[in-house]
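Below you'll find the structure, written out as structure tokens, and then a few comments.
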Amino acid sequence: MKSPKPVNLTPPAEIRAAGWEAEARDDDGHLMTTHAPFSSDAEALRYLRESLDEGWTVTIFPKGSAR
């Protein structure tokens with residue numbers, strides 16, 4: 001890998017502590033996207049579907065678990 005961007009190497013614990021509700025990572029574990037708290041179930045489903053279509057692994061953190 002050549003010159004990875006530091007944000008792509010952020011561990012899940014830091015993403016969760018920063019208040020993000022979800023993250024998607026590629027097969028190598030690099031952070032691809034994050035998502036603020038979802039406003040609806042439909043929005044969460046759309047994020048999940050789009051991320052899975054890219055082949056990424058999605059983690060949705062439990063509400064109230066940050067910090």
Side-chain angles (χ1 to χ4, degrees):
M1 177 179 5
K2 297 180 182 179
S3 302
K5 294 182 180 179
V7 72
N8 291 354
L9 303 176
T10 306
E14 285 184 34
I15 298 299
R16 190 175 190 176
W20 297 105
E21 189 167 335
E23 69 174 17
R25 294 182 179 266
D26 67 9
D27 289 338
D28 292 326
H30 299 111
L31 181 66
M32 302 307 289
T33 66
T34 56
H35 200 288
F38 298 107
S39 60
S40 67
D41 289 344
E43 183 181 12
L45 185 58
R46 183 172 49 253
Y47 177 77
L48 180 63
R49 187 177 315 121
E50 289 173 359
S51 296
L52 292 176
D53 284 348
E54 292 291 334
W56 301 334
T57 300
V58 178
T59 303
I60 299 177
F61 304 116
K63 291 187 179 197
S65 65
R67 297 171 214 184

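The residues of the chain are indexed from 1 along the displayed sequence.
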Problem - Single-linkage hydrophobic cluster I60~L52, side-chain heavy atoms < 4.5 angstrom - result: yes
Exercise for the section: Compare every heavy atom of P37 with every heavy atom of G19, then report the nearest pair and how far apart it is. Expected result: O-CD, 4.0 Å
Handout entry: Separation of F61 CZ from R16 CZ (nearest 0.5 Å)
Key = 6.0 Å
Problem - Atom pair CD1/OG1 of I15 and T59 - distance to nearest 0.5 Å - result: 10.5 Å
Exercise for the section: Hey, could you give me each pair passing salt bridge (charged side-chain N to carboxylate O under 4.0 Å, His left out) that has a residue in residues 20-41? Not counting sequence neighbours. Expected result: E23-R25
Fill in the blank from the handout: Closest non-hydrogen contact found for W20 with A36 is CE3-N, 3.4 Å
Fill in the blank from the handout: In short, salt bridge (charged side-chain N to carboxylate O under 4.0 Å, His left out) pairs touching residues 43-57 with sequence neighbours left out are none
Problem - Residues in side-chain hydrogen bond (donor to acceptor under 3.5 Å, both in side chains) contact with T33, at least two apart in sequence or another chain - result: Y47
